[in-house]
J.: 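Below you'll find the structure I mean.
None of these values were measured; they are calculated from a predicted model. What you see below is based on every heavy atom in this structure, not just the backbone, and it leaves out hydrogens, waters and symmetry mates. Heads up: numbering here begins at 1 and tracks the sequence.
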Amino acid sequence: MTDALDRIHAAFADAGVTGRLHALDIDSGAQLDAGADQPVCTASVHKLCLLVTLHEQAAAGLLDLTEQVECPPESRTTGPTGLAAMLDGARLSLRDLAYLMMSVSDNAAADLLLARVGLDAVNRTTARLGLTRTYAVHTFGELLATIKEDAGPGGARSLADPHVVARLRALDPARTNHSTPRDMTRLLAAVWRDEACIPEHGAAIRRILGLQVWPHRLASGFPFDDVHVAGKTGSLPTVRNEVGVVEYPDGGRYAVAVFTRTARTSALQPAADAVIGTAARLAVDALRAPQAGPRGTEPGR
């Protein structure tokens, strides 16, 4: 494990990022910790917490996932994908909004779901699951509003200035939606073990996570037809994250959470994207190593 940690830290350094990682064998409890308890800004990774809350409420009979929601264009949260980028009115079910929220990280869909379930419910769900360092402070529209306000009159162009980026509340875990890598792998393990929701809803959550369209982060580390990756990305200026589960054909299931931060302010960060897959692969390979026991396991800490 020490060699794997050294290689992970070297990969983060080569990519020019500060990285935090936790990897967990869902069945044995074996784990690898590279800053797993450090607080991190979740960005859109927090949509996973909302998805679990939505299905928890559906299982409790508090809502029907086929319930239709009006999505008027004038009040949508902004964003580059899904409803957030569309121009006309729409009407969608709660479960189809959840699909857009997770598959293309649609901010408008996420905030329509938050309007239905509430931030307090999301925080009750994470507390119930023992995620003591995970908390939703604001909606995604409110998060974007803090960036706009903190950027000042220069608008989006000013986000190329490191001094402006340094003052963004959205990048301070103490003032924005936050978690830790260990909390996120705990949540993923609960979903895969059907502990977060009853099996019917756990299966629905896993299905949606498997429909994410972005292959350039976590999935890039596992380019094999028989290895399945399901996850959720999160992005903010200088921040690139992803959490997910990697499933092997021999039954091995590994929850991985990787959170990165770079000093570079450019919008495109291919090295930061790619190192998420590299670090995750190094971690999972370590957990699967023969010396760690059957299917790469060791006693959990």
Side-chain angles (χ1 to χ4, degrees), residues 42-129 131 134 136 138-144 177 184 187-214 228-234 242-245 247:
T42 46
S44 285
V45 164
H46 224 100
K47 291 168 183 171
L48 172 58
C49 303
L50 172 54
L51 179 67
V52 173
T53 304
L54 180 73
H55 280 272
E56 181 183 54
Q57 292 202 356
L62 299 177
L63 56 82
D64 183 341
L65 291 173
T66 65
E67 176 184 321
Q68 300 293 300
V69 178
E70 295 293 338
C71 313
E74 62 274 4
S75 59
R76 290 177 191 162
T77 299
T78 59
T81 59
L83 286 169
M86 296 180 188
L87 300 177
D88 299 319
R91 191 167 188 257
L92 293 172
S93 67
L94 292 174
R95 63 185 177 185
D96 283 346
L97 288 171
Y99 162 71
L100 288 173
M101 172 180 75
M102 301 305 289
S103 64
V104 297
S105 205
D106 184 347
N107 291 331
D111 276 350
L112 286 166
L113 292 174
L114 273 173
R116 181 65 176 83
V117 305
L119 277 176
D120 288 344
V122 175
N123 289 325
R124 285 195 298 270
T125 294
T126 53
R128 176 182 69 81
L129 293 171
L131 311 182
T134 300
H138 38 221
T139 69
F140 296 95
E142 290 166 349
L143 184 153
L144 294 172
N177 300 343
M184 286 294 99
L187 176 57
L188 289 164
V191 169
W192 257 254
R193 293 174 185 149
D194 286 326
E195 296 168 353
C197 293
I198 61 174
E200 173 190 351
H201 288 277
I205 294 169
R206 295 190 292 272
R207 171 186 171 272
I208 289 179
L209 283 166
L211 295 175
Q212 180 178 241
V213 303
W214 316 126
H228 180 66
V229 178
K232 182 69 197 77
T233 58
E242 186 160 1
V243 305
V245 170
E247 298 179 275

J.: Side chain to side chain contact (heavy atoms under 4.5 Å, CB included) for Val191 and Leu51? Distances and angles first, verdict last.
T.: CA-CA 11 Å; Val191 169; Leu51 179 67; over 6 Å; no
J.: Quick check for you: to the nearest 0.5 Å, what is the distance between Leu100 atom CG and Leu211 atom CG?
T.: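 Result: 11.0 Å between the selected atoms.
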J.: What closest approach, in Å, do Arg206 and Pro199 show between heavy atoms, and which atom pair accounts for it?
T.: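 Minimum heavy-atom contact is NH2-O, 4.4 Å.
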J.: Where is the tightest heavy-atom contact between Ser105 and Trp214, given as atom of each residue plus distance?
T.: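 Taking every non-hydrogen atom into account, CB-NE1, 4.5 Å.
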J.: Nearest 0.5 Å please: distance from the NE2 atom of His46 over to the CG atom of Asn177.
T.: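 The distance works out to 5.0 Å.
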J.: Which donor-acceptor pairs under 3.5 Å do the side chains of residues 75-83 make with protein atoms, sequence neighbours left out?
T.:
| residue | atom | partner | partner atom | Å |
| --- | --- | --- | --- | --- |
| Arg76 | NE | Cys71 | O | 3.3 |
| Arg76 | NE | Pro72 | O | 3.4 |
| Arg76 | NH1 | Leu83 | O | 3.2 |
| Arg76 | NH1 | Met86 | O | 3.2 |
| Arg76 | NH1 | Asp88 | O | 3.2 |
| Arg76 | NH2 | Cys71 | O | 2.6 |
| Arg76 | NH2 | Asp88 | O | 2.5 |
| Thr77 | OG1 | Asp111 | OD2 | 2.6 |
| Thr81 | OG1 | Val104 | O | 2.6 |

J.: In this structure, are over 12 heavy atoms from other groups packed under 6.0 Å from Arg193 atom CZ?
T.: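 More than 12 heavy atoms, drawn from other residues, nucleotides or ligands, come within 6.0 Å of this atom.
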J.: Taking the side chain as everything from C-beta on, heavy atoms only, tell me whether Leu48 gets closer than 4.5 Å to Leu187.
T.: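 Counting from C-beta outward, Leu48 and Leu187 do come under 4.5 Å.
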J.: Please determine if Arg91 and Asp96 form a salt bridge, counting it only when a charged side-chain N lies under 4.0 Å from a carboxylate O.
T.: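 So Arg91 does not pair with Asp96 through a salt bridge.
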J.: Taking side chain to side chain contact (heavy atoms under 4.5 Å, CB included) as the definition, give me every residue that meets it alongside Ala110, ordered by chain and number, with sequence neighbours left out.
T.: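 Lys47, Leu50, Met101, Phe140.
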J.: Write down the atom of Asp106, the atom of Ala84, and the distance for their closest heavy-atom approach.
T.: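 It is OD1-N, 3.3 Å.
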J.: Can you name the nearest heavy-atom pair linking Asp194 to Ala203, along with the distance?
T.: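 In this case the closest contact between Asp194 and Ala203 is OD1-N, 4.3 Å.
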J.: Is the side chain of Asn107 donor-acceptor paired with the backbone N or O of Gly141 at a distance under 3.5 Å, no angle test?
T.: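 Flag not set: sc Asn107 to bb Gly141 has no pair under 3.5 Å.
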J.: Is any side-chain heavy atom of Ser44 closer than 4.5 Å to one of Met102?
T.: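 Answer no - side chains too far apart.
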J.: Do Lys232 and Gln212 have side-chain heavy atoms sitting under 4.5 Å apart?
T.: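 They are in contact (side-chain heavy atoms under 4.5 Å apart), so the answer is yes.
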J.: Is the shortest side-chain heavy-atom distance between Glu242 and Val45 below 4.5 Å?
T.: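 No, side chains not in contact.
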J.: Once you round to the nearest 0.5 Å, how far does CG of Leu97 lie from CD of Gln68?
T.: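 CD of Gln68 is found 9.0 Å from CG of Leu97.
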J.: Just jot down the side chain to side chain contact (heavy atoms under 4.5 Å, CB included) partners of Leu63, sequence neighbours excluded, or say none.
T.: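 Only Leu54, Gln57, Ala58, Leu65, Glu67, Leu94, Arg116, Val117 meet the side chain to side chain contact (heavy atoms under 4.5 Å, CB included) criterion with Leu63.
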J.: To the nearest 0.5 Å, what is the distance between CG (Leu92) and OG1 (Thr66)?
T.: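 Taking CG in Leu92 and OG1 in Thr66, the distance rounds to 12.5 Å.
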J.: Where do Pro73 and Leu87 come nearest, in terms of heavy atoms and distance?
T.: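 Distance-wise, the nearest heavy atoms are CB-O, 3.4 Å.
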J.: Locate the shortest heavy-atom distance separating Arg128 from Ala196; write the atom from each residue and the value.
T.: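 Between these two residues, the closest heavy atoms are NH2-O, 2.8 Å.
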J.: Within the distance-only criterion (no hydrogens, no angle test), does the side chain of Thr126 pair as donor or acceptor with the backbone N or O of Leu131 below 3.5 angstrom?
T.: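 No, the answer is negative, given that no donor and acceptor are paired below the 3.5 Å cut-off.
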J.: Does the side chain of Thr134 reach to within under 4.5 Å of the side chain of Leu129, using non-hydrogen atoms?
T.: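 Answer no - side chains too far apart.
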